[in-house]
Enquirer: 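Right, I'll just put the structure down here and ask away after.
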Amino acid sequence: MKKCYLGVDIGSVSTNVIVMDEDEKIIDTLYIRTQGKPIETIQKGLYKIKERINNEIKIAGIGTTGSGRQLGGIMVGADVIKNEITAHGVAALHFVPNVQTILEIGGQDSKIILLRNGILYDFAMNTVCAAGTGSFLDRQAERMGIPIEEFGDLALKSEATVRIAGRCAVFAESDMIHKQQMGHNQEDIINGLCEALVRNYLNNLGKGKEIKSPIIFQGGVAANVGIKKAFEKILGQEVIVPPYASVMGAIGVALLAKEEVRKSGRTNFKGFEVANSSYQVKSFECDHCPNMCEVVEFFRDKNMVARWGDKCGRWSNVEVKNTKLA
Amino acid sequence: MKITFPHMGNTYLPVKAMFDDLGVDVITPPINSKKTLEIGTKYAPEQICLPMKINLGNYIQSIEKGADTIVVTGSCGPCRYGYFMEVEREILKDLGYEVEIISLEAPDGDIKEFYNRVSQMLETKNIFKIVKTFKNAFGILKKIDEIEEKVLKYRPYEKNKGEIDKIYNHLIDQLRKSTGSKEMLQYIKEAEKNFMNVALEKRQDVLKVGIIGEIYTIIEDFSNIDIGKKLNNLGVEVHKSHSTSGWVLEHLFYESIGRSREKDIRKAAAPYVKTMVGGHGRETVGNAILYAKEGYDGLIHIMPFTCMPEIVAMSILPKIQNDYHIPILTLIIDEMTGEAGYITRLEAYIDLLRNRRDKFQNEKMLSWS
């Protein structure tokens, strides 16, 4: 029996599952769209992974990350529930030990992580605006009727510069429409959008930060070669896209899970049966005080396993049954 | 006359004690909640900062409970706060509420006018009585601030989790129900005794983080997603750079004299900001430097969305981060009630501080630049 570790990254746009063996080699990766249904997506992900990996594999540990990490962690019985910034840092250090800068662009958020001498040194994450994130590109691609997968290659074909305002997604959109009406060709506009996103990212997150090489570019948007080229052009430095760029968060948290299990000696993983259980979420508005917190109750096979969402702890502190599945 | 006032942290407790001592009818606005914010957002200008939205919500909720007079401290306008009252006056008028508004400030240094406004509010011209009541209320304010400071400092060290919260929540509950400063002092004394008995343990792994930035969002825990408690739960000792008693001292008494801490802050900030940039922008920079010199592991800068003075400070902070080797995280606060995004940032930030501390525990901080 081969011992393996699972990493699950439940993001706003995609959910990624990876399988890693004892020697920290990546055996399998899976990238599926979350589509606003994290529970079903996690189940689907685990089910698919189980089908794909060999039965000789024993899961020795599991970790969750991403914005759905708490929910996912409760579902699967995670050994580690870690924020995505730390997870991305850990994974990047694993592949490029001397990495100094990580550019990470996901669906709803983007971050810059600086590392020095192998430790997290500084980071910044976008605050109130989505203009420097993947969903900005997603939206514009949809508007132009181009599959997002082809976006990057089209950008590479561009020969002329078209400058598009990247400060705000709304401004960018009207600017883009204006440029389209002026008759610019599509490749140039797409390239302009890529550069707008990169400019916005660097102006927002890169402000006052020393971007030193080696620079790694990861997250879902790293698959877009147009953005990589735009980064290299604007930074004037080489940007590396590592082999598993889109699932780095999941890899990071699998590494952390391995570490945790080494310390604790056991895993809390509830088994692949999780995929077959039925999960239900109920929510209600607590009327105990004017905060009217939206309390969420999480059921597995009709048993409540967790409750959260209240400010005061009146609901979430209540002991709930949390038994391990057979 | 039924007086009301806006919320800012626990300030309502001493304010209520003051009016109770003088026998003035007072209506404390309901504790800040989503409802308050909802009302405020509906009637306040869309682009205004969060504090005004919450203030306005407070007033309307109090008026609905029967208040007819609003008392608020003015500040002669170092930031938009100085104009809140005038804008709010118009908004309330448009909404058809008939209320009297007393703005406690001394316009152009006019002390007589200040006294007139105070005596109008307190329904007495007896200066001795006024001074004595102020003094008592201020005493309570200072005590509560001290307790809050200790709670944020010691919570990560408690042996039995939740013990401090229990005493603290019980105290606030009692203060809420009491009438007058005498009764309040009694309860405070009791709580102080109970705090002394809380078992603490020595922990080497507790980090120290200072909170800098805009005063309202620092003090009012409803607006800052109760950041102090969240950090405490992550094993972090917290100190806030602003307190209400500090503000009162600075604005009502020591402005002209120049208290030593204020002087230190300005002196520290001087190489980066030489003049007042509105609000507490300069103080944010100065406090960041003082905290760094005092050996804090990290700093969290919080401000409401669109706060100009803090935007100025924010643009200077990366320089301080480099010069003093202290990581600074900025959190911009608006009316979002979803906390997940903030929690992710806080957790990652604390991981970062821990990593740095582990790495450099026994060696001198290396210089990157």
Side-chain angles (χ1 to χ4, degrees), chain A residues 11-12 65-71 81-90 93 100 104 106 108-109 111 113-129 204-210 212 252 256 285-294 308-313 317, chain B residues 30-39 57 61 162 165 169 221-222 225-226 229 298 305-306 314-322 325-334 336-360 366 368-369:
Chain A
S12 58
T65 183
S67 46
R69 62 186 181 279
Q70 297 293 351
L71 178 84
I81 299 176
K82 203 54 161 182
N83 64 79
E84 51 271 37
I85 298 168
T86 306
H88 273 112
V90 168
L93 281 170
Q100 300 219 68
E104 204 273 341
Q108 277 298 331
D109 52 46
K111 33 201 167 294
I113 307 171
L114 303 188
L115 303 106
R116 298 291 185 264
N117 292 2
I119 62 156
L120 242 69
Y121 177 72
D122 190 13
F123 75 87
M125 198 164 168
N126 66 324
T127 44
V128 278
C129 173
N204 256 327
L205 302 179
K207 201 148 263 167
K209 307 234 180 298
E210 209 181 344
K212 284 190 185 173
L256 289 168
E285 212 168 58
C286 169
D287 52 10
H288 189 72
C289 84
N291 270 321
M292 297 177 296
C293 295
E294 291 142 23
W308 63 82
D310 51 335
K311 274 187 199 293
C312 66
N317 285 348
Chain B
I31 293 300
N32 283 342
S33 67
K34 262 199 310 202
K35 184 96 199 144
T36 316
L37 187 56
E38 209 180 288
I39 298 173
Q61 281 185 309
D165 270 346
N169 290 339
D221 287 335
F222 170 75
I225 58 160
D226 209 349
K229 193 171 176 181
F305 191 45
T306 74
M314 187 172 103
S315 65
I316 297 168
L317 291 178
K319 186 101 179 70
I320 289 163
Q321 172 161 335
N322 282 332
H325 307 295
I326 187 162
I328 304 174
L329 175 75
T330 295
L331 293 179
I332 300 174
I333 296 194
D334 201 39
M336 295 97 87
T337 45
E339 295 185 352
Y342 293 108
I343 291 170
T344 298
R345 286 166 178 80
L346 287 180
E347 282 180 14
Y349 182 69
I350 299 308
D351 279 350
L352 178 148
L353 294 185
R354 266 189 215 296
N355 272 327
R356 281 170 71 119
R357 199 198 240 189
D358 290 348
K359 189 91 178 174
F360 301 116
L366 298 168
W368 308 121
S369 42

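A, B, ... follow the sequence lines: proteins, then strands. Residue 1 opens every chain.
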Enquirer: With a 4.5 angstrom heavy-atom cut-off, which part of B:Leu329 approaches chain A: side chain, backbone, both or neither?
Expert: side chain
Enquirer: Looking at every non-hydrogen atom in both residues, tell me the closest pair between A:Ile119 and B:Asn355 and how far apart they are.
Expert: CD1-O, 4.1 Å
Enquirer: Looking only at heavy atoms, what is the nearest atom pair of B:His325 and A:Tyr121, with distance?
Expert: ND1-OH, 4.4 Å
Enquirer: Got a second to check how far B:Thr344's OG1 is from A:Lys111's NZ, nearest 0.5 Å?
Expert: 8.5 Å
Enquirer: Quick one: which of B:Arg354, B:Glu38, B:Gln321 has the most heavy-atom pairs under 4.5 Å with chain A, could you say?
Expert: B:Gln321
Enquirer: Contact between A:Thr86 and B:Glu347 at the side-chain level, heavy atoms closer than 4.5 Å - yes or no?
Expert: no
Enquirer: Side chain, backbone, both or neither: which part of B:Asn32 has a non-hydrogen atom closer than 4.5 Å to chain A?
Expert: backbone
Enquirer: Would you name the heavy atoms of B:Asp351 and A:Asn83 that are closest together and state the gap between them?
Expert: OD2-ND2, 3.1 Å
